[in-house]
Amino acid sequence: MKISVALRAIDFHVHLPTPEWLDVSMKGYVEAAESYFRSKVARKSLDELAAEYESLDVMAVLLAWDAETATARPRVPNELVAQACRDHPKTFIGFGSVDPLKGERAVDELEGIAELGLKGVKLHPSLQAFAPNDERHWPLYEKCQELDLIALFHTGTSGIGAGQPGGQGIRIDLARPILLDAAAAAFPELQIIAAHFGYPWHLELLAIALHKTNVHIDISGWSPRYIPSEVVRDMKGRLQDQFLFGSDYPFIEPRRCLEELGTLGIPDAVMQKLLVGNGTRLLRIA
């Protein structure tokens with residue numbers, strides 16, 4: 001794939017704003033997330049989503065979703081994401097999803113994800129109710145490494161379930177960044193993205209990324225002006241080659257993120273790495 005010379009950014013964290021995901025797979029979760037993010041989510045078709053990103057000169061990494069075992073809710077099919085990428089090849093890149101609690105079936109599904117041309121796998125320990133450091137999941141990571149599939153993990157707290165009794169049963173401790181350290185050590189060729197920089201355990205994640213170059217950090221899920229100073233410091237400095245831009249669309253708009261990033265005093269060369277350079281290298285596109 002050749003990227004456009006006008007490409008402004010790669011957004012590594014884009015959920016589908018379709019009614020099928022928001023009103024079916026996420027039914028009952030969306031309201032809490034809207035309150036947490038202080039934004040109302042608009043339903044859109046994938047064609048409308050593509051037009052929105054095209055207008056910004058931003059490429060979107062679309063995320064499939066599968067937490068069927070823990071939530072008893074229908075998945076967002078990997079095939080749906082792959083078709084969207086085929087329909088809009090200059091705008092969309094796709095990550096599939098598997099449910100780790102499905103065991104060998106999940107491992108087998110990775111072959112299909114690779115065959116569909118998707119670049120990675122989205123995993124959400126809190127919603128999928130699994131511990132990333134449980135060695136029962138080693139075959140999943142080993143297969144991702146073999147197939148050159150990036151493993152993107154939700155880390156840190158969650159807008160889903162936020163402000164609700166019991167957090168709607170969602171355990172944020174399963175998304176603590178330190179739980180990724182064992183997998184990153186055991187599978188050094190596995191490229192791992194820790195989404196949302198692991199707040200409130202962001203120092204833990206920064207330490208892991210400093211120690212292991214196969215761990216990358218996306219800044220999605222946060223209005224940039226609220227990103228903790230320690231994260232901004234390392235994003236500008238010693239970890240500038242391991243940070244990735246992301247919004248968490250449709251809960252946060254990429255336009256807002258891009259505008260606020262411009263107020264953080266990030267040097268132009270570092271900003272280019274954050275928005276485009278690190279992502280194109282990780283995705284192996286040029």
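- The one candidate from His13, His202, His124 that meets the ring pair (Phe, Tyr, Trp, His ring centres under 6.0 Å) condition with His196 is His13.
- Side-chain atoms of Gln145 come within 3.5 Å of backbone atoms of Glu189 as a donor-acceptor pair (strictly under, hydrogens ignored).
- At a threshold of 4.0 Å, the pair Glu109-Arg105 counts as salt-bridged, since one of the basic side-chain nitrogens sits closer than that to a carboxylate oxygen.
- Salt-bridge check for Glu146 with Lys143: passed, with a basic side-chain N closer than 4.0 Å to an acidic carboxylate O.
- Each of Ile150, Ile10, Asp11 was evaluated against Val61; a single residue qualifies, Ile10, per the side chain to side chain contact (heavy atoms under 4.5 Å, CB included) test.
- In plain terms, the two heavy atoms of His154 and Pro125 that are nearest each other are O-CD, 3.5 Å.
- Hydrophobic clustering, defined by side-chain heavy atoms of Ile, Leu, Val, Met, Phe, Trp and Tyr closer than 4.5 Å, groups Ile172 together with Trp201.
- Heavy-atom minimum distance, Ala106 versus Val98: O-CG1, 3.7 Å.
- In this structure, the side-chain contact (heavy atoms from CB on, under 4.5 Å) partners of Glu142, at least two apart in sequence or on a different chain, are Phe187.
- In this structure, the ring pair (Phe, Tyr, Trp, His ring centres under 6.0 Å) partners of Phe130, at least two apart in sequence or on a different chain, are His137.
- With sequence neighbours excluded, the residues satisfying side-chain contact (heavy atoms from CB on, under 4.5 Å) with Ala60 are Val14, Tyr53, Leu62, Phe92.
- A search for side-chain contact (heavy atoms from CB on, under 4.5 Å) contacts involving Ala209 returns Val215, Ile217, Leu239, Gln242, not counting sequence neighbours.
- Closest approach of Leu282 and His216 over heavy atoms only: CD1-NE2, 3.6 Å.
- Nearest heavy atom pair, residue Pro224 against residue Cys257, reads CG-O, 3.4 Å.
- Applying the ring pair (Phe, Tyr, Trp, His ring centres under 6.0 Å) test to Phe197 and every residue at least two apart in sequence or in another chain returns Trp222.
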